[in-house]
Structure formats: structure tokens, C-alpha cells
Amino acid sequence: MLSSRACLAGLCVLLACTPAFAANITEADVLNFALNLEYLEANFYKCARDGKPLSSYTRGGGPAPIGCKKAQGLDAESLYLLRQIAADEIAHVRFLRKALGDAAVPQPLIDIGPAFVAAANAAAGTTLDKKFSPYRSAVEFLHGAFIFEDVGVTAYHGGLRALTTDAYRDAAEGILAVEAYHAGAVRLALRNKRWLKTGYADTTVQQLIGLISKLRDSADCTDATEDAGLEDLAPADKNGIAYSRSVEGVLKIVYLGGVTKGGFFPEGVNGRAYDGYSWQGRANGAHSIGQKLGSNGFVNVNPVRGTSHAKGHMEDYKFGADHSLPPFSLHSNTMLSSRACLAGLCVLLACTPAFAANITEADVLNFALNLEYLEANFYKCARDGKPLSSELRGGGPAPIGCKKAQGLDAESLYLLQQIAADEIAHVRFLRKALGDAAVPQPLIDIGPAFVAAANAAAGTTLDKKFSPYRSAVEFLHGAFIFEDVGVTAYHGGLRALTTDAYRDAAEGILAVEAYHAGAVRLALRNKRWLKTGYADTTVQQLIGLISKLRDSADCTDATEDAGLEDLAPADKSGIAYSRSVEGVLKIVYLGGINKGGFFPKGVNGVIRRACS
């Protein structure tokens, strides 16, 4: 295992700056805190979608929210985002209520009307001439979504370390990824509208989003930066690790500056120890590691979801497999016990097999480093026409097929620049974290392997060789091949990390990968009817074939992928899919067992054999 002597100074500082939760805070308390936030999001999106809040049953008998309205004037993109996010957030409420059983708190009083007015006024620093409403237009709806989504990511990332039961933490990590998918897509949609006038204080979208971001950052009880405007694809530190916030900081934001109540929760949230003082959460939210290592100047993006959400507005129902289980009872002053573990959560433990006893945390981080080498070289080549430096490769060989991408539009160029910076930062971070234990870069193929992948997806030798460097649409297909796989790989590998600092950092990378994936998926969906130039397919059809190839190659019969019908791959509980390391290797080896595809000689390190 990585010893304390091997622990990066920055990672050790992370342990010190992320104190344990108070001894009397239970896992049930943490899950109920998350449930309060999910009630808020689910009611907002369901009201915007249907004009009706969650049912009394789903609210646990709690009061209906204030200010519920159906959103008007939505364009196709914002309507798609609304439907997708609504389905996930409602699923999260159902999942958490079932997981908690009798211990689930009912919905508190929620304000999703006047509170938006107060939030916009606070962000602008004045009483605006026009009352802000997220239900009036597409642009205003996206601003409403922006207010919540990044906060959800930082809240889950901040609270995960209080969950000591593997099944609960694993499920919460899956929700973290889904929230990041949402946030990445919302950020990209807003950035594409950044020069539009909002109708509030003569601001553009970019300016008003910047004010909201500053308000959140100033309200969370820390001097650290834990937010970002539209210059960045998603909020992360210089290591490409998503920010986190303490419970107190999150409550300060949703209370709009209040201590025990206010803002979106006029009477406060329900549950124990939510007075803003009784929790010992992340003291400064941002990763101290970021202050120890170099800066990359960029942040990132991502999305996630279950299948066929547009099939109906059956409240709180998502189609496909899920983590749902019969409810269990627990006392509010006890930890969730193994006897309390839902069937589905216990199945989750069973379906995510433990790593072999001789596999160390260093082995797992080196497995992640191999994948980061692959992504970082692809994006750096596409951006600069040059691969990672020999130093960053650890002396390993330069990749095959490195080219600079051509014909990019403004959106794909932005995504390329943002994702490249993050993936390069991940390589730097993991190499520093591992120190002398870091494996060098293996031989990587980011040229002919793309041709082979496209042929395999199409089930034939295409007349034209696929290249992700030829155009904006083709670049996005190349990005799609990697990004969701990165999410499932981190989600599948996290449980092998038992040191809090390593798991916390990996969870931050998971969120960043999800930000990327969400934005890439939205960009592709907006181009879904374009012809790709390959086998007379549209973008949606070719992406569907790639998704099916990945899903069939990972040695399971379970669904762990999704095409562009869904914002991101997740089960019907709104929990992101995960894959085993063997399944991930089978995909990047393009069906090989010890080597092949994007790694012609295999990956470096102990974990190198795919499933058969």
C-alpha cells in the first residue's frame, strides 16, 4: 500500500484540511442532508417540467413548495436538459428515501419562487427592476439550473468522506457523477449563449453567471475559491480536481446567507445538527493539494443519466435497472448497520468485486495514470499537434498517430482547450502523488486505433478511415469514445482506495471526468442529425454504435452505457454506471486481453489484464 512516507505533502494536507464529521453525526444524517438538497432540485425541475411539485407521497408528507410554475419559452436544448435532469433528480429522491426507510426526513418547506428573486438581487448587489424568474424563458431556466448544479457537485464531494459503508459511499459517488454530468451540460449551454442580454441590469449571460458564481463563492464561509464562471468548463483546482464544500458552506449558500434558515429553505432543512455549527465538514472546501502543485488555469465539465427519460412524465420513475431496494429502519442516533443495508445496495457490493488482496492503492492509481496518459496525449495532440513531454511521460514512448485537430468550431475548440488542460493536470497530479512508484507511459495509439474502433462499431471496414482530427464533429466522436469510459473507470475503481486522501482526490477527478462527458454529450446531441460521412450514418446513429460496442465489450450483460437519447449513462435510480478495471481494459484494448487497440503493448503496472 502507499505508505505515509509516500504520501504527497499536498495529499497529507488534504487530510488535515478535511476534518472528520462530528462524532455524533451518523451516515443517516449525511444521507438526510443530501435528501434535503435533492428535494430542492427535484421540486424545481419537476415544477419547471410539469407545473406540479413532487407528490405528497414522494415528499414524505412534507409541504408543497412555494413558487411552483411550469417553465415557458424553452428551446429544444433547454427542454431536453430539463427533462433529463428532472428524471435524475426525482430518481435521487426516491432512491434516498428508500435507502433511509423510516429514517428519511420529510420534505421541508422549500421556496422556488421568491427565493430566486432574492438570489438574483443578492448576486447583482441591488434590487433588480425586473423580478428574476427561472420559469420565464430558456436562458432564465438555465440560470436557475446553474444556481443549483455546481452546488450539488461540491456538496456530495464534501460529504462523501462521512460515509464509511462502502455501498453508501459508492452510491453517493454515482450521484456525484450524475450531478457533474448535469452541471457540465448546463455550463456548456450557458456558455453558448454567453453574449445574450439577460434583461437584468443590462448584463449578458456571462456577466450574470459570473455574479452568481461570486455570490456562491463568497457565501460558503471560506476564503478559498470553490466556484467558477463560464470561463471554465467546471469548477476545479489546478490539479483538475473538482472543488468541494463543507455542509455549513452549502447551507450558507442555499439559505442565502442565513445560519439556521432562509433563502430556498425558509424554515431550514430537516434533520439533525443542521444549525450551521454542529457539523465538522471540510473547513476550506478546495483541495489543498491544489495549492501545493502547479496551476493549469483551466477547469472542466460532465453529464449522466438513466435511459428513456423522455418516454413519459410518470413521476419519480426511470426506466431500466436501478439500485432500488426494500426500505430498512434505523435509529437516527446510530450508524447504518450491515443489517440495515438494502438489498440493492448489498447487491451493489456484490457486483463490484473486491480487488485481489495483493493489489495496492499504488497499483490502482497507476491504472488510472495509464488512462490519463491516453486521454492527455489525445487532447494535447489535438490542441497542439504535439504529445506530452518526455518528462510527463516518465520517459515512456511518444504516442502513435499524434495530430493537431483541424476544422474545429468555437464550441469544440473550447471543449478541447478545457479538457486538455484538465487531463494534463491529472497526469501531473498522479505522477506527483505516486512519486517513484509512478509507471512510465506505455506505447499509446491515438491514430490507427481510432480507425479500428470505428470499424468495430460499424461492424464493417468503413470506406473512409475515421480520424478525430479531421473536423469538429469527428473530434467530438473521439472525445466521446474516452469520456464516459473514464467516468465508469473511476467509479469502478474508487472502492479499492482505502486512504481517505486518495479516494477524496479520485472522487474529485471522477467529477471532472463527468463534467467533460456531460458537455461532450450535449455538444454531440446538438449535432445529432448531421451526417458523419461514415456508412451514411448520422451523429446519433454512429454514437449509438460506439455506445453499443463499449457496452458489449466490457464482459458483463448489464447495461453500462447510453447513446444520445440520455444525457449520461446512469441506472433508473440516477446513479452513474461503473465498470471493473478488467472491463475498462477490454474496451481500450478493443477486445484484446493483454494488449491491443489504444495500448498496442498493454498498459504498464500490475493491473493490465482485461476480462476474457
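Residue numbers run from 1 in the order of the sequence given.
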State, with a plain yes or no, whether a side-chain heavy atom of [X] is found less than 4.5 Å away from one of [Y].
X      : Y      : value
Ile241 : Val512 : no
Tyr373 : Leu392 : no
Tyr469 : Glu474 : no
Gln441 : Leu388 : yes
Tyr490 : Leu371 : no

From [X] atom [atom1] to [Y] atom [atom2], the distance as rounded to the nearest 0.5 Å:
X      : Y      : atom1 : atom2 : value
Ile446 : Lys380 : CD1   : NZ    : 10.5 Å
Leu374 : Phe599 : CG    : CZ    : 4.5 Å
Thr499 : Leu497 : OG1   : CG    : 7.5 Å

**Asked** With distance as the sole test, does Asp232 use its side chain to make a donor-acceptor pair with the main-chain N or O of Ala228 at under 3.5 Å?
**Response**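 Pair absent, no side-chain N/O of Asp232 close to backbone of Ala228.
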Restricting to side-chain hydrogen bond (donor to acceptor under 3.5 Å, both in side chains), what partner residues turn up for [X], sequence neighbours left out?
X      : answer
Thr556 : Asp554, Glu560
Ser467 : none
Glu41  : none
Asp150 : Arg187, Arg216, Tyr515

**Prompt:** Pairs in or reaching into residues 398-420: which pass salt bridge (Lys or Arg N to Asp or Glu O under 4.0 Å), with residues at least two apart or in two chains?
**Reply:** Asp409-Lys527, Glu411-Lys527
**Prompt:** Do we get Arg470 above Phe475's six-membered ring, with its NZ or CZ under 6.0 Å from the centre and within 45° of the axis?
**Reply:**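 Here Arg470 fails the 6.0 Å and 45° test against Phe475.
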**Request:** Could you tell me whether the side chains of His426 and Asn239 share a donor-acceptor contact shorter than 3.5 Å?
**Result:**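 His426 vs Asn239: no donor-acceptor pair found between side chains.
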**Prompt:** Got a sec, which pairs hit disulfide (SG to SG under 2.5 Å) with one end in residues 364-414, sequence neighbours left out?
**Reply:**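 Residue pairs with at least one partner in residues 364-414: Cys381-Cys402.
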**Item:** By side-chain contact (heavy atoms from CB on, under 4.5 Å) - contacts of Pro440 (at least two apart)
**Value:**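 Pro440 satisfies side-chain contact (heavy atoms from CB on, under 4.5 Å) with Asn604 once adjacent residues are dropped.
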**Prompt:** What residues form a side-chain contact (heavy atoms from CB on, under 4.5 Å) with Ser390, not counting sequence neighbours?
**Reply:**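 Only Arg393 meet the side-chain contact (heavy atoms from CB on, under 4.5 Å) criterion with Ser390.
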**Prompt:** Below 4.0 angstrom, N of the basic side chain to O of the carboxylate: do Arg608 and Asp363 qualify?
**Reply:** no
**Prompt:** Do the charged groups of Lys601 and Asp445 touch, with an N to O distance under 4.0 Å?
**Reply:** no
**Asked** Could you walk me through whether Ser389 and Glu391 pass the side chain to side chain donor-acceptor pair (under 3.5 Å) check?
**Response** CA-CA 5 Å; Ser389 67; Glu391 179 187 5; 4.9 Å; no
What pairs with [X] under salt bridge (charged side-chain N to carboxylate O under 4.0 Å, His left out), at least two apart in sequence or on another chain?
X      : answer
Arg503 : Asp166, Glu173, Glu507
Lys252 : none
Glu38  : none

**Set of residues satisfying ring pair (Phe, Tyr, Trp, His ring centres under 6.0 Å) with respect to Phe598, sequence neighbours excluded** =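 For Phe598 the ring pair (Phe, Tyr, Trp, His ring centres under 6.0 Å) partners, ignoring immediate neighbours, are Phe450, Phe482.
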